[in-house]
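Positions are given from 1, in the same order as the sequence printed here. Since we're looking at a predicted model, the values are computed, not measured.
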Amino acid sequence: METNVTRGQADFDPSAPPPFKIAEIRDAIPKHCWVKNSWRSLSYAVRDIFVIFALAAIAKYSSTWYVWPFYWAVQGTMFWAVFVIGHDCGHGSFSDSRWLNSFVGHILHSAILVPFHGWRISHKTHHQNHGHVENDESWVPMTESLYKSLPSSTKTLRFTVPFPFFSFPLYLWYRAPGKEGTHFHPSSDLFSPNERSYVITSTVCWIIVAALLFHLSIVFGPIQMLKLYFLPYWFLQIFVMWLDIVTYLHHHGYETKLPWYRGEEWSYLRGGLTTIDRDYGWFNKIHHDIGTHVIHHLFPQIPHYHLVEATKAAKHVLGKYYRGPEKSGPIPFHLAKILTASMKEDHYVSDTGDIVYYQNDSKRLRFYEKMKPS
C-alpha cells in the first residue's frame, strides 16, 4: 500500500475506514432536505430557460459589438446551469415523478446536445463506483502502464491546461483513454440490454435537436446561429469548460492527496468521501450549488436546493473526512492555481495496490518547469 506523504496532515490518514457509517450521516440530515418539490424544481428550470431566451433576444437585436463577448460568457454559463438541472432529473432529485424527470431531462439536455439517458446511465455508474480506479466513470485516473503507453501528444492534450477542459463532447462519443463505448449507441459497453431502449430514445432526441439547429442555421443564417448558440457552447467552449472544470475539481486538486481504491478496500462510503466541495463565489446559485458536492455524492437523491443545509447538518459527523471549500471571491480565480497544480502533479496511479494515490511523471514536471517564465 502506498502512503500519503503529501503536504501535511501527518496525523490523519484519509484512506482509513471512517469511524462512522453512512446511516449516521443520513440521520444527521433534516428530514425536509429529502423532500422533492416538483414545482420548485420546475421554477428553476423555467428561470434558466427564460434567462437563456432573454439573453439571446438582447444579443440578436443589439447593435453594439461589445454585447457579444458578454453574451457568449453569460450564455455559456447558463447552458451549464441548464445542464445541472438536467443532472438533477437524471438522479431523480428533480421530482418524485419518473415521467417528469425524464421529460424535463430530455428537454434540457437535448437542447444542449447531451443524450439524456446515455449520460444519465454513465453518471449513475460514476456515483455507484466513485473513487474506484477501474470502475469509476468520471475523470478516472490512468494506471501507470496505460499512461506510459500513450503517445506524447496525447499526454500533452490530457495534462496541459486548457486542453483537458474541452473534452466533454469527445467523452460523450468516445469515453476516456482505456475505456470503450459511446453514450449514443444502445449496444455500447456502458449499457445493459434492458437500458438500450432508453438510449435509443435519447439519441433520437439528440438527432432531432441537431436537425433543428441545422434548420435554424438555414432560416437565420449560419453566422447568426454561430454567434447565438455554437460560440458559447462549442467554439468558445464556455459551457463545456464549466462542465469539465467543475467535474474535475470535484475529485482532484485537494490540498493533500486523496486515495483511490480497488478490491475490498473500496466501499461506497469511502469512495464518496474522496470528493471535494468547492466555492464558486457569485456562481454558486447560478449553477445550483453543484459545488456542494460531498453530500450530493453520498446522497444524490437530495434536491440541489437542500444541499447546503444538508451539508451543514452532516459536517459534524464527517469530521476530517469532509473536504470543505476554500472561500472564493465573487469570481473563483483561486481555482485556476488549483487546476494547474493538479494537472502538473496528478498523472497516474500504480497498476497494483488496493489503496493508491496519484503520482507524477518527472519528465512532464521538467516540461512544466521549462515553460515557466524566467
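- Other residues, nucleotides and ligands contribute only 12 or fewer heavy atoms inside 6.0 Å of the NE2 atom of His185.
- Between the side chains of Gln75 and Tyr71, at least one donor N or O lies within less than 3.5 Å of an accepting N or O.
- Among residues two or more places apart in sequence or in another chain, the salt bridge (Lys or Arg N to Asp or Glu O under 4.0 Å) test is passed with Lys36 by Asp96.
- A donor atom on one side chain and an acceptor atom on the other are found under 3.5 Å apart for Asp361 and Tyr147.
- Under a 4.5 Å side-chain heavy-atom criterion applied to ILVMFWY residues, the cluster that includes Phe214 comprises Ile218 as well.
- Using a 4.5 Å heavy-atom threshold, the side chains of His251 and His126 count as touching.
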Requested in this report: List the steps and the verdict of side chain to side chain contact (heavy atoms under 4.5 Å, CB included) for Tyr171 and Ser122.
Outcome: CA-CA 11 Å; Tyr171 165 71; Ser122 76; 3.7 Å; yes
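- The main-chain N or O of Thr182 is never found under 3.5 Å from a side-chain atom of Trp173 such that the two would form a donor-acceptor pair.
- Contact check for Phe94 versus Ser38: no side-chain heavy atoms found under the 4.5 Å cut-off.
- For the residue pair Trp260 and Thr274, no side-chain donor N or O sits within less than 3.5 Å of a side-chain acceptor on the partner.
- Between Met78 and Ile286 there is a side-chain heavy-atom pair separated by less than 4.5 Å.
- Heavy atoms from other residues, nucleotides or ligands lying under 6.0 Å from CZ of Phe70 number 12 at most.
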Quick one: side chains of residues 110-118, donor-acceptor pairs under 3.5 Å with protein atoms, not counting sequence neighbours, listed by atom name and distance.
from, atom 1, to, atom 2, distance (Å)
Ser110, OG, His106, O, 2.6
His117, ND1, Arg120, NE, 2.9
His117, ND1, Arg120, NH2, 3.2

**Report entry** Leu258 vs His252, side chain to side chain contact (heavy atoms under 4.5 Å, CB included): CA-CA, chis, key distance, verdict
**Finding:** CA-CA 8 Å; Leu258 296 178; His252 297 79; over 6 Å; no
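- Ring pair His296/His293 is tilted by interplanar angle, where 30° to 60° counts as tilted.
- Hydrophobic clustering (side-chain heavy atoms under 4.5 Å, transitive across Ile, Leu, Val, Met, Phe, Trp, Tyr) keeps Val356 apart from Val140.
- Ser145 and Asp351 form a side-chain donor-acceptor contact under 3.5 Å, judged by distance and modelled atom types alone.
- Not counting sequence neighbours, the partners of Phe165 by the ring-ring contact (aromatic ring centres under 6.0 Å, His included) test are Tyr248.
- With no hydrogens or angles considered, a side-chain donor-acceptor pair links His87 and His91 at under 3.5 Å.
- Side-chain contact, Asn360 with Asp346: no donor N or O sits under 3.5 Å from an acceptor N or O.
- Side-chain atoms of Ser95 and Ser97 include no donor-acceptor pair closer than 3.5 Å.
- For the salt bridge (Lys or Arg N to Asp or Glu O under 4.0 Å) test, no residue two or more places apart in sequence or in another chain qualifies with Lys124.
- Between His127 and His297, the ring planes are parallel. Angles under 30° get that label, and only those over 60° would be called perpendicular.
- Note on ring orientation: taking the six-membered ring where Trp is involved, the planes of His123 and Trp119 are parallel (angle under 30°, cut-offs 30° and 60°).
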Requested in this report: Might you work through the ring-ring contact (aromatic ring centres under 6.0 Å, His included) test for Tyr358 and His347, ending with a clear yes or no?
Outcome: CA-CA 6 Å; Tyr358 266 112; His347 298 146; 8.4 Å; no
Report task. Check the pair Phe283 / Trp80 against ring-ring contact (aromatic ring centres under 6.0 Å, His included), numbers first and verdict last. Result -> CA-CA 11 Å; Phe283 297 97; Trp80 164 235; over 10 Å; no
Query raised in the report: Does the side chain to side chain contact (heavy atoms under 4.5 Å, CB included) test come out yes or no for Phe79 and Val74, once each step is laid out?
Result: CA-CA 9 Å; Phe79 287 174; Val74 177; over 6 Å; no
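- Proximity of Leu339 to Met343: side-chain heavy atoms (C-beta onward) are nowhere separated by under 4.5 Å.
- Within the 6.0 Å centre-distance limit, the rings of Trp34 and Phe299 are counted as a close aromatic pair.
- A distance of 15.0 Å separates CE of Met241 from CZ of Phe168, quoted to the nearest 0.5 Å.
- With sequence neighbours excluded, the residues forming a ring-ring contact (aromatic ring centres under 6.0 Å, His included) with Trp99 are Phe103, listed by chain and number.
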Query - Residues His287, Phe83; criterion ring-ring contact (aromatic ring centres under 6.0 Å, His included); working and verdict - result: CA-CA 9 Å; His287 64 199; Phe83 176 90; over 10 Å; no
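- Under the 4.5 Å side-chain criterion, counting only non-hydrogen atoms from C-beta, Pro18 is in contact with Leu273.
- The 12-atom threshold is not exceeded at OH of Tyr198, counting heavy atoms of other residues, nucleotides or ligands nearer than 6.0 Å.
- In this structure, the side chains of His132 and Tyr261 stay at 4.5 Å or more apart for every pair of heavy atoms.
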Requested in this report: Let me see the working for Phe230 and Ser217 under side chain to side chain contact (heavy atoms under 4.5 Å, CB included), right down to the final yes or no.
Outcome: CA-CA 10 Å; Phe230 292 105; Ser217 296; 4.2 Å; yes
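- Taking Ile, Leu, Val, Met, Phe, Trp and Tyr as members and joining any whose side-chain heavy atoms lie under 4.5 Å apart, directly or through other members, the hydrophobic cluster of Leu157 also contains Phe163.
- Between atom CG of residue Leu307 and atom CG of residue Asp289 there is a gap of 7.0 Å, rounded to the nearest 0.5 Å.
- Through direct or relayed side-chain contacts under 4.5 Å between Ile, Leu, Val, Met, Phe, Trp and Tyr, Ile121 connects to Leu190, Phe191, Val199.
- Glu195 contributes a side-chain N or O that, together with a main-chain N or O of Ser192, makes up a donor-acceptor pair within less than 3.5 Å.
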**Report entry** Intermediate values then yes/no, ring-ring contact (aromatic ring centres under 6.0 Å, His included), Phe239 and Tyr229
**Finding:** CA-CA 11 Å; Phe239 157 64; Tyr229 183 89; 9.4 Å; no
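- Residues Val133 and Val349 form a side-chain contact, since some pair of their non-hydrogen atoms from C-beta on lies under 4.5 Å apart.
- Side-chain heavy-atom separations under 4.5 angstrom define the hydrophobic clusters, and the remaining members of the one that includes Val204 are Ile200, Ile208.
- The closest side-chain donor-acceptor pair between Asp277 and Tyr322 falls under 3.5 angstrom.
- Counting heavy atoms from C-beta on, the side chains of Ser188 and His183 never come closer than 4.5 Å.
- Using a 4.5 Å cut-off between side-chain heavy atoms of Ile, Leu, Val, Met, Phe, Trp and Tyr, with links allowed through other members, Trp39 and Ile85 fall into the same hydrophobic cluster.
- Applying the salt bridge (Lys or Arg N to Asp or Glu O under 4.0 Å) rule to Lys148 yields the partners Glu144; only residues at least two apart in sequence or on another chain are considered.
- Glu134 is linked by a salt bridge (Lys or Arg N to Asp or Glu O under 4.0 Å) to Arg262, counting only residues two or more places apart in sequence or in another chain.
- Remark: Lys179 NZ is packed, more than 12 non-hydrogen atoms of other residues, nucleotides or ligands lying under 6.0 Å away.
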Name every donor-acceptor pair, under 3.5 Å, that has one atom in a side chain of residues 44-54 and the other anywhere in the protein, sequence neighbours excluded.
from, atom 1, to, atom 2, distance (Å)
Tyr44, OH, Arg40, NE, 3.4
Tyr44, OH, Arg40, NH2, 3.4
Asp48, OD2, His288, NE2, 2.7

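- Phe184 and Tyr233 fall within the same hydrophobic cluster, where Ile, Leu, Val, Met, Phe, Trp and Tyr residues are linked whenever their side-chain heavy atoms come under 4.5 Å apart, directly or through other members.
- Clustering ILVMFWY residues whenever any of their side-chain heavy atoms sit less than 4.5 angstrom apart, transitively, puts Trp139 in the very cluster that holds Leu335.
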